[in-house]
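Scroll down for the structure; my scribbles are underneath it.
Counting starts at 1 for both ligands and their atoms, following the listed order. Quick note: numbers below take in every heavy atom, side chains included, and nothing from hydrogens, waters or symmetry partners.
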Amino acid sequence: MRRRVIAGNWKMHMTCSQARDYMSAFLPLVADAPDDRDIVLAPPFTAISTVADIAAGSRVQLSSQNVHWQENGAFTAEISAEMLLEHKVKYTIVGHSEPRKYFSESDEQINHRARTAQGHGLIPIVCVGETDEQRERGEAERVIRRQIEQGLEGLDANKLVVAYEPIWAIGTGKTCESPEANRICGLIRSWVGATDLVIQYGGSVKPGNIDELMSMSDIDGVLVGGASLKPDGFARIANYQEA
Ligand code: PGA
């Protein structure tokens with residue numbers, strides 16, 4: 001069975017002291033989670049070291065919210081793979097719709113980030129997904145296929161995660177219906193053609209819909225924004241039981 005990856009992306013939330021409080025509530029709640037899954041948190045850069053220290057020896061793995069494609073250099077506001085590895089970071093989110101939208105990140109840049117991540121042994125979580133307008137115009141599949149082809153070029157698809165995140169479902173409370181999310185994840189799997197590819201769904205995942213989402217045949221995990229900010233809610237998600 002493909003590994004399950006349940007990831008919480010804190011985005012621009014959580015000071016170090018808030019992260020400490022979160023971890024002391026969260027860790028006991030996930031201590032007995034089944035072994036079939038990675039439980040991952042992606043804190044802001046300032047809290048990575050704090051979370052890494054507290055999470056050491058626990059069920060929680062670390063992700064970053066970005067990684068640059070150069071080893072080091074004059075790249076203000078960026079972060080290198082080496083800096084992340086020092087804190088035992090295992091995953092890195094690239095191609096999230098927010099940097100795509102606010103900082104005009106291209107599929108080519110996303111691909112560079114993901115390649116460098118893999119080159120250092122980090123597992124990229126490559127996010128793809130269509131806007132509302134693209135879906136209404138019937139372009140969703142074409143857009144996602146382009147993001148997959150360009151974003152994954154030259155990557156080892158057995159060592160990465162694809163997160164299907166329809167943009168209209170992110171932070172809106174509008175979850176994509178499970179069968180439709182599963183259909184798109186299945187298409188992604190057939191386009192990529194790698195047996196061990198882990199595919200997540202993301203977009204308004206919450207305690208109330210996790211069990212159904214995780215019972216879908218092509219959904220191997222979830223990428224959670226808002227609902228990962230509450231330790232009890234995210235623990236419920238991490239402890240999902242297939243419906
Ligand atoms: P959301 O965010 O769970 O708040 O919809 C998902 C994401 O941005 O990955």
Side-chain angles (χ1 to χ4, degrees), residues 4-14 18-19 22 26 37-45 47-48 51 60-67 89-105 107 110 113-114 117 123-132 134-135 140 143-144 147-148 151 160-178 180-182 184-185 188 198-214 216 219-240:
R4 304 317 195 193
V5 182
I6 309 296
N9 173 11
W10 286 355
K11 306 189 180 183
M12 198 172 71
H13 295 281
M14 297 275 180
Q18 289 167 338
Y22 182 106
F26 185 64
R37 61 200 71 175
D38 275 8
I39 301 169
V40 182
L41 286 171
F45 295 135
I48 281 191
V51 175
V60 173
Q61 317 253 22
L62 267 279
S63 173
S64 67
Q65 297 180 20
N66 195 12
V67 65
V89 169
K90 178 173 176 186
Y91 292 89
T92 183
I93 298 169
V94 299
H96 191 277
S97 63
E98 285 149 16
R100 281 186 195 264
K101 176 173 168 197
Y102 298 122
F103 306 117
S104 307
E105 281 250 317
D107 288 315
I110 290 155
R113 293 186 192 281
I123 301 174
I125 300 177
V126 182
C127 305
V128 299
E130 80 286 1
T131 63
D132 224 351
Q134 288 164 336
R135 179 160 278 265
V143 168
I144 298 163
Q147 292 172 336
I148 290 286
L160 59 79
V161 176
V162 169
Y164 168 54
E165 300 207 296
I167 294 168
W168 47 270
I170 296 181
T172 57
K174 275 200 280 180
T175 323
C176 184
E177 295 293 321
S178 306
E180 174 59 7
N182 193 51
I184 300 280
C185 291
I188 292 172
V198 173
I199 305 182
Q200 294 177 316
Y201 166 77
S204 298
V205 175
K206 36 193 181 257
N209 58 22
I210 184 66
D211 296 342
E212 184 181 326
L213 284 164
M214 288 307 295
M216 296 286 129
I219 297 179
D220 308 319
V222 286
L223 183 55
V224 187
S228 73
L229 294 172
K230 294 249 163 54
D232 50 346
F234 190 52
R236 169 65 185 86
I237 291 171
N239 285 307
Y240 75 87

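- Of all the atoms in ligand 1, the ones that sit under 4.0 Å from a non-hydrogen atom of H96 are 7 (C), 8 (O), 9 (O).
- Heavy-atom proximity to G226, at under 4.0 Å, picks out these atoms of ligand 1: 1 (P), 3 (O), 4 (O).
- Not a single donor-acceptor pair under 3.5 Å links the side chain of R113 to the backbone N or O of N66.
- Using bins of under 30°, 30° to 60° and over 60° for the plane-to-plane angle, the ring pair F234/F26 lands in the parallel bin.
- Residue K11 approaches ligand 1 through these ligand atoms, each under 4.0 Å from one of its heavy atoms: 2 (O), 7 (C), 8 (O).
- Polar contact check, N9 against ligand 1: no nitrogen or oxygen pair lies under 3.5 Å apart.
- Checked by atom type and distance alone, the side chain of Y201 pairs as donor or acceptor with a backbone atom of C176 at under 3.5 Å.
- Atom CD of E180 and atom CE of M216 lie 11.5 Å apart (nearest 0.5 Å).
- Within ligand 1, counting atoms from 1 as listed, the ones closer than 4.0 Å to a heavy atom of E165 are 6 (C), 7 (C), 9 (O).
- Close approach to G203 involves these atoms of ligand 1, each under 4.0 Å from a residue heavy atom: 5 (O).
- Between I6 and Q200 there is no side-chain heavy-atom pair separated by less than 4.5 Å.
- When hydrogens are left out, the protein atom nearest atom 3 (O) of ligand 1 is G225 N, 2.8 Å; that is the closest non-hydrogen contact.
- Using a 4.0 angstrom heavy-atom cutoff, A169 counts as in contact with ligand 1.
- For the pair G171 and ligand 1, a heavy-atom separation below 4.0 Å is found.
- Under the side-chain contact (heavy atoms from CB on, under 4.5 Å) test applied with Q65, the options T92, I48, N9 reduce to a single match, N9.
- Put simply, no part of K206 is less than 4.0 Å from ligand 1, judged by heavy atoms.
- Not a single salt bridge (Lys or Arg N to Asp or Glu O under 4.0 Å) links E165 to another residue, sequence neighbours left out.
- When atom types are taken as modelled, the side chain of R4 and the backbone of G221 share no donor-acceptor pair closer than 3.5 angstrom.
- Not a single heavy atom of A227 sits under 4.0 Å from any atom of ligand 1.
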